[in-house]
Novice: 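Just dropping this structure here.
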Amino acid sequence: MTTHITFTAVMNGGGAHYYSEEESKQDGGGDTDGGEDSNEQEVIVIQDTGFTVKIQAPGTEPFDLQVSPQEMVQEIHQVLMDREDTCHRTCFSLQLDGNVLDNFAELKSIEGLQEGSLLKVVEEPYTVREARIHVRHIRDLLKSLDPSDAYNGVDCNSLSFLSVFTDGDLGDSGKWKKKGSDLEQIDCTPPEHILPGSKERPLVPLQPQNKEWKPMQCLKVLTMSGWNPPPGNRKMHGDLMYLYMVTVEERHISITASTRGFYLNQSTTYTFNPKPANPSFLSHSLVELLSQISPAFKKNFTVLQKTRVQRHPFERIATPFQVYSWTAPQVDHTMDCVRAEDAYTSRLGYEEHIPGQTRDWNEELQTTRELARKNLPERLLRERAIFKVHSDFAAAATRGSMAVIDGNVMAINPGEETRMQMFIWNNIFFSLGFDVRDHYRELGGDAAAHAAPTNDLNGVRAYGAVDVEGLYTLGTVVVDYRGYRVTAQSIIPGILEREQEQSVIYGSIDFGKTVVSHGKYLELLERTSRPLKVQRHNVLNEKDESVELCSSVECKGIIGNDGRHYILDLLRTFPPDLNFLPVEGEELSPESVRQGFPRQHRHRLACLRQELIEAFVEHRYLLFMKMAALQLMQQKANKESKMATLTENSSPEAAVPALPSTENPDASAKSSETSTETLTDGNREVVLNACKAVGSISNTSFDIRFNPDIFSPGVRFPEDSVDDIQKQKQLLKDAAAFLVSCQIPSLVKDCLDHSALPMDGATLTEALHQRGINVRYLGNVLEFVDKTPAKAQLEHFYRIGISEMITRCAKHIFKTYLQGVELSALSAAVSHFLNCFLSSFPDAVAHLPADELVSRRKNRKRRNRVPGGGDNTAWASLTPSELWKNIVSEAQSYYNFTLHCENADQVVEKYGLQKITLLREITIKAGIQILIKEYNFDSRHKLAFTEEDILNIFPVVKHVNPKASDAFHFFQSGQAKVQQGYLKEGCELINEALNLFNNVYGAMHVEICACLRLLARLNYIMGDHHEALSNQQKAVLMSERVLGVEHPNTIQEYMHLALYCFANGQLSTALKLLYRARYLMLMVCGEDHPEMALLDSNIGLVLHGVMEYDLSLRFLENALAINSKYHGPRSLKVALSHHLVARVYESKAEFRSALQHEKEGYTIYKNQVGEAHEKTKESSEYLKYLTQQAVALQRTMNEIYKNGSNASIMPLKFTAPSMASVLEQLNIINGIIFIPLSQKDLENLKAEVQRRQQLQESGKSMEELTVDGPLELEDKIPMDVNVD
């Protein structure tokens, strides 16, 4: 039944897909249930109760601050620097009874600090560093509402537009907009482009203007003075630096920052006079000084801080990794001393304000790995440290990579040609993705050199997730920028002083010609062998001696000067993909051959994904169990027929426990190894046969591992392992066939039954990767869809696939295109490329940048010294037809797929794509930022893009995402509880997960977003609408900030928030949110998508509720059409759609149409679920009611015709739908099932919640709570409840 959607779908509302990457595969992560209780014990330890301290700052009343014993003193500093009344102080200490508190001490370690203690804020003398920090902080406060950092993609700022649609904060109960009574005032008409069927796709509404962003000007200029640094004699008077300012009143002032604070001096632009002005107003804070000098500053700064503090914290907290926006408005460029200074001093991290202080990244990355991890608090501390260092490293590596390509870093081998140069900056090593010194010549040259870094990164990610103590990997970030691929790595101590040959003590530096091994490495790698499914194997070295390895030969082991065992070059961690690796004399399995494999790929480094290996092994494990059980049954049957007496001891029940009968293949091997001795001979034979059949490397238990060196050119194996190698080759062929014959069909099946719903290129890629399918199989996936009988129901998927293929091909071409462009022509070249790609203008001509600065010596040939400094104008000769020819041939050669199109217009025509969607996909993939305005793609006389429209080029960054494993386990067990129907326990576990996630990741992260969404859903189901609203608002803000304002996930979050707003009586807000979601969806994937049906049903229902019947019908009828197309005309979803349309017709008193639709619905119910089903009965009741109404109406009309105006008319019942009935339908279509609780149950639930809160406040541990709750609810609430 439509309404009885299983709870799985309800809870995971699309949230499950975050966790596809390495689902915290820790050693021994197999058996979580055992560890759960101990975990819950540990959590209690952490939740030490908070207490309140009083803070006394100069010039303000003492105020209370809630703190927790875990916090450091430094965190109180941060709070004070953010509070409205103390935000202008940065240089102070906190003192308790006259003793200065250490910044890095935890509060619980401070003697005498307790409930009610008074902490004094004491101003400290400045140093140059503190003065710089102060100026930077004041600058940040002045720019706190200015979105330009988010547009420019700096300092982990990103955009959020939710507050534009909710008019401020939803959470303030003071601002409840009770719109129940005054329905008339709501303006429900959406903008024209949002209505169903509209062809217009404007770009400007993507970034609505936020009223708050109109900057309040407090100062015109704040910059460093030209008189810096102070001369010696002034230094001895305490001068630290000089600032120059222009106030709003146009007063030019010069300020001295001294050890005692800030004061006006008498310098002007051209005369230096450091004597204090009269009056000089010495102030410890710049804000106090400026407030005395400039009335406008005082007034505006106060307003600014009020507004800043009122914004939702999630709008201003930094994200862990930078998110870039592909569109931005034209922002005025303002003077900004801090930015200017940053540009010229190599600012390497936020805390080094003194240039030249660099961080030892390798030491930080490895030390955090070495932290203790025995219990939960230790693990949290360790994971938080690892995550923090990783996000800092990713930011530094990105900045360095851009500096390298922009030519701002000196190479360490400046004599060589640019492609071969390597760089070191900020203790990070950078290399370019080219085949230097023919290293990859046999593997595919530059194509292999381009693929190797991402493969290596996947290896680093896999080994990092296994997390073996004593085995170290390098910090690795791969950055694509301006057409170049840069690999950034942390540096092994001592490696630069030695030659590589001396330092490698394990593995091979020449792809297997010479190989060495090392006992310690074998021991460490052996521990990764099971989780990563890597088989120990022998290879021959140059002297034909056998050498044992437990990884691929390229994997090198180097012991650093710090004594740590590092492994690097992990590009072949996973086995090769034989579908893309033709080998002489090897025949693939028929499934692969039928699909036209093996195919030649660009390079020979194509390997299978970790997800595929996992899925394949699981598949084989099921096979193994089936075969073993089958053979046991046969044995039993044989024995029974021979001698009926012996059946008791060898019945399968007795024999099966001796088999590895665990769910988890990892645990299975352990159980079965011990059990082999006890097996009877017959059973041993059973296991042996089953092992052989599934290709297990052991004969006594199920254990599948791969040898990553099979088919590596240059690797030779010893004679005695021929059989083994043969087995391994077969296993690889089977895995390749499994991808084609199982995984691709299962993906398509998931799309058919809508359990996978990709909306754009990124979510499509994610869906492929989740099932272990590499994107190079995209052509095969699309062909498979093309041949599926239900192709019409996969149209959305096919369209997204085609669009992804076209934009990826365009990106490949764009990459090489950009490498030949010099910096001064960059915007012209990018706009020309976009014109060729999307504009209908047939002869797009490039405008070579008119040399604004004509140089005297025009024809000097200069040798090009920096990687990103191409010096030719070949790019200008590209034409649209040539570009599209290249795209078609790229699709053919890379994806083996034939596109039928010669230009953008044909693509739109033939495949139903939208140019705006293609534009979004290519800009995101290539890191282009364009001006937000309406582009006319379809003009045949004018180019769509000019060079002024290209605002920026951003890097596209790949890095490792360290996980919060404990939090993740809590989250999963919470989900499981909820699915079993234990909502309360589920809710508690998920709340706990949220705490732990916050502990590790800070406040902003995609996983926290999923957590909040699920919590909001549970709050809503349990009847706490207000809490649901608050959690969902956070989820929306977070999704906008960390995934992007128009990411498919953000669209879904908007829909959920709209539902909770409606339930809270905020109808106009609900509509605004739904309209926003529809606009975003139109832009991301167009109208023809199954999700659009859900969205339109939501909009239609809300409009029905506010009595906008005609509008409502437009949306509901569109939803009906889309549902019929994608779910088939006989689906229950379609029946529900018919019913919703019928209800609106009933409200309009058009009973004939209403009857027609309800009959359709009734027929579907009757055929699908039978006449006895309640849905069918409901529908038939409703039909009777409609018929009565229709008859009554007809009577009245006849009466009027007969008797004219004096007819006695029975009053007709035209009822507007009640909000409750609309909400009920909304819940049904959004798959939310309510559990009917009696009033008494609800009272008890509330009482229980309140009691818990009081207990928590009074500081009892969570233990005592659960002993004697007055809760008379049964713990298990049945889930399959009637909705109505």
Side-chain angles (χ1 to χ4, degrees), residues 57-59 74 77-78 80-82 86-94 100 103 121-144 155 218-247 252-267 269 272-277 279-294 297 301 305 335-357:
Q74 198 181 5
H77 270 255
Q78 292 299 330
L80 296 178
M81 282 164 64
D82 198 57
T86 54
C87 64
H88 54 277
R89 304 183 180 282
T90 60
C91 184
F92 58 86
S93 61
L94 289 166
V100 177
N103 253 346
V121 173
V122 180
E123 298 174 343
E124 293 289 335
Y126 281 100
T127 58
V128 175
R129 179 169 182 274
E130 284 293 347
R132 280 175 188 248
I133 288 177
H134 188 75
V135 173
R136 162 170 251 123
H137 180 65
I138 299 306
R139 174 261 180 200
D140 285 345
L141 290 175
L142 293 175
K143 291 196 70 167
S144 54
D155 283 352
C218 300
L219 272 182
K220 287 207 168 153
V221 178
L222 154 62
T223 140
M224 295 293 162
S225 154
W227 296 114
N228 284 316
N233 62 333
R234 287 309 306 170
K235 237 164 144 172
M236 295 162 76
H237 282 84
D239 290 10
L240 301 170
M241 61 184 187
Y242 305 117
L243 304 168
Y244 169 73
M245 311 207 179
V246 182
T247 65
H252 295 238
I253 49 179
S254 186
I255 290 177
T256 300
S258 75
T259 48
R260 295 167 52 212
F262 297 83
Y263 61 84
L264 291 188
N265 61 37
Q266 297 179 30
S267 300
T269 318
F272 179 60
N273 181 354
K275 298 267 183 299
S280 68
F281 304 120
L282 173 72
S283 301
H284 194 264
S285 136
L286 204 47
V287 171
E288 288 171 358
L289 175 65
L290 289 167
S291 299
Q292 288 170 308
I293 297 168
S294 157
F297 177 89
F301 187 78
Q305 292 322 308
M335 262 181 140
D336 183 339
C337 66
V338 174
R339 285 269 169 266
E341 184 195 11
D342 290 348
Y344 294 111
T345 59
S346 60
R347 176 173 76 108
L348 303 173
Y350 195 65
E351 54 286 346
E352 308 86 6
H353 295 280
I354 306 156
Q357 255 194 8

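Note that the coordinates shown come from a computational prediction; the quantities given were computed from them, not determined experimentally.
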Novice: Backbone N or O of V121 within a donor-acceptor pair of the R89 side chain at under 3.5 Å?
Specialist: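 No, because the side chain of R89 does not come within donor-acceptor range (under 3.5 Å) of the backbone of V121.
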
Novice: Drop me the distance from L243's CG to I253's CD1, to the nearest 0.5 angstrom.
Specialist: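 One gets 9.5 Å once the value is rounded to the nearest 0.5 Å.
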
Novice: Rounded to the nearest 0.5 Å, how far apart are CZ of F262 and OG1 of T256?
Specialist: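 The distance works out to 10.0 Å.
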
Novice: Which value, rounded to the nearest 0.5 Å, describes the distance between L94 atom CG and E124 atom CD?
Specialist: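 Reported to 0.5 Å precision, the distance equals 10.0 Å.
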
Novice: Do you know the tightest heavy-atom contact between P125 and C91?
Specialist: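 It is O-SG, 3.5 Å.
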
Novice: So, do M241 and V135 sit near enough that their side-chain heavy atoms are less than 4.5 Å apart?
Specialist: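 Sidechains of V135 and M241: in contact.
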
Novice: Once rounded to the nearest 0.5 Å, what's the spacing between atom CD of Q292 and atom CZ of F297?
Specialist: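 Reported value, rounded in 0.5 Å steps: 11.5 Å.
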
Novice: Minimum heavy-atom separation for P230 and K235, please, with both atom names.
Specialist: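 Smallest heavy-atom distance, with atoms named: O-CD, 4.3 Å.
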
Novice: Spell out, as yes or no, whether a donor-acceptor pair under 3.5 Å connects the side chain of T86 to the backbone of L80.
Specialist: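 Flag set: sc T86 to bb L80 pair under 3.5 Å.
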
Novice: Please list, chain by chain and in numerical order, all residues satisfying ring pair (Phe, Tyr, Trp, His ring centres under 6.0 Å) with F92, sequence neighbours excluded.
Specialist: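 For F92 the ring pair (Phe, Tyr, Trp, His ring centres under 6.0 Å) partners, ignoring immediate neighbours, are H77.
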
Novice: Is it the case that over 12 heavy atoms from other parts of the model lie below 6.0 angstrom from the NE2 atom of H252?
Specialist: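 Atom NE2 in H252 is packed in, count exceeds 12.
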
Novice: With the side chain counted from C-beta on, respond yes when L286 and M245 share a heavy-atom pair under 4.5 Å apart, and no when they do not.
Specialist: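 Result yes, sub-4.5 Å side-chain heavy-atom pair found.
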
Novice: Considering non-hydrogen atoms only, spot the tightest contact between N273 and N265 and give its length.
Specialist: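 The pair with the smallest heavy-atom distance is O-CB, 3.9 Å.
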
Novice: If you round to the nearest 0.5 Å, how far is CD1 of I133 from CG of D140?
Specialist: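 One gets 11.5 Å once the value is rounded to the nearest 0.5 Å.
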
Novice: Is the backbone of H284 close enough, under 3.5 Å, to the side chain of Y126 for a donor and an acceptor to pair up by distance?
Specialist: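 Indeed, once roles are kept as given, a pair shorter than 3.5 Å links the two residues.
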
Novice: Heavy atoms only: give me the nearest S93-V100 pair and the separation to one decimal.
Specialist: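 Answer, listing the atom of S93 first, then V100: CB-CG1, 3.9 Å.
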
Novice: I'd like to know if the side chain of Q266 and the backbone of P274 have a donor-acceptor N/O pair within less than 3.5 Å.
Specialist: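 The answer is no, because no donor-acceptor pair under 3.5 Å joins these two groups.
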
Novice: Starting at CG of D82, measure out to NE2 of H137 and round the result to the nearest 0.5 Å.
Specialist: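 Spacing of CG (D82) from NE2 (H137) equals 7.5 Å.
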
Novice: For the rings on W227 and Y242, is their centre-to-centre separation under 6.0 Å?
Specialist: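 Ring centroids of W227 and Y242 are no less than 6.0 Å from each other.
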
Novice: Provide the closest heavy-atom pair for L264 versus P279 in the form atom of the first, atom of the second, distance.
Specialist: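 L264 and P279 have their closest heavy atoms at CD1-O, 4.3 Å.
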
Novice: If we ignore hydrogens and angles and just use 3.5 Å, is the side chain of T127 paired with the main-chain N or O of E130 as donor and acceptor?
Specialist: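 Flag set: sc T127 to bb E130 pair under 3.5 Å.
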
Novice: Stepwise, does the ring pair (Phe, Tyr, Trp, His ring centres under 6.0 Å) test hold for F301 with H88?
Specialist: CA-CA 11 Å; F301 187 78; H88 54 277; 7.6 Å; no

Novice: Return the minimal non-hydrogen interatomic distance between S254 and S267, and the atom names on each side.
Specialist: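 Between these two residues, the closest heavy atoms are CB-O, 3.5 Å.
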
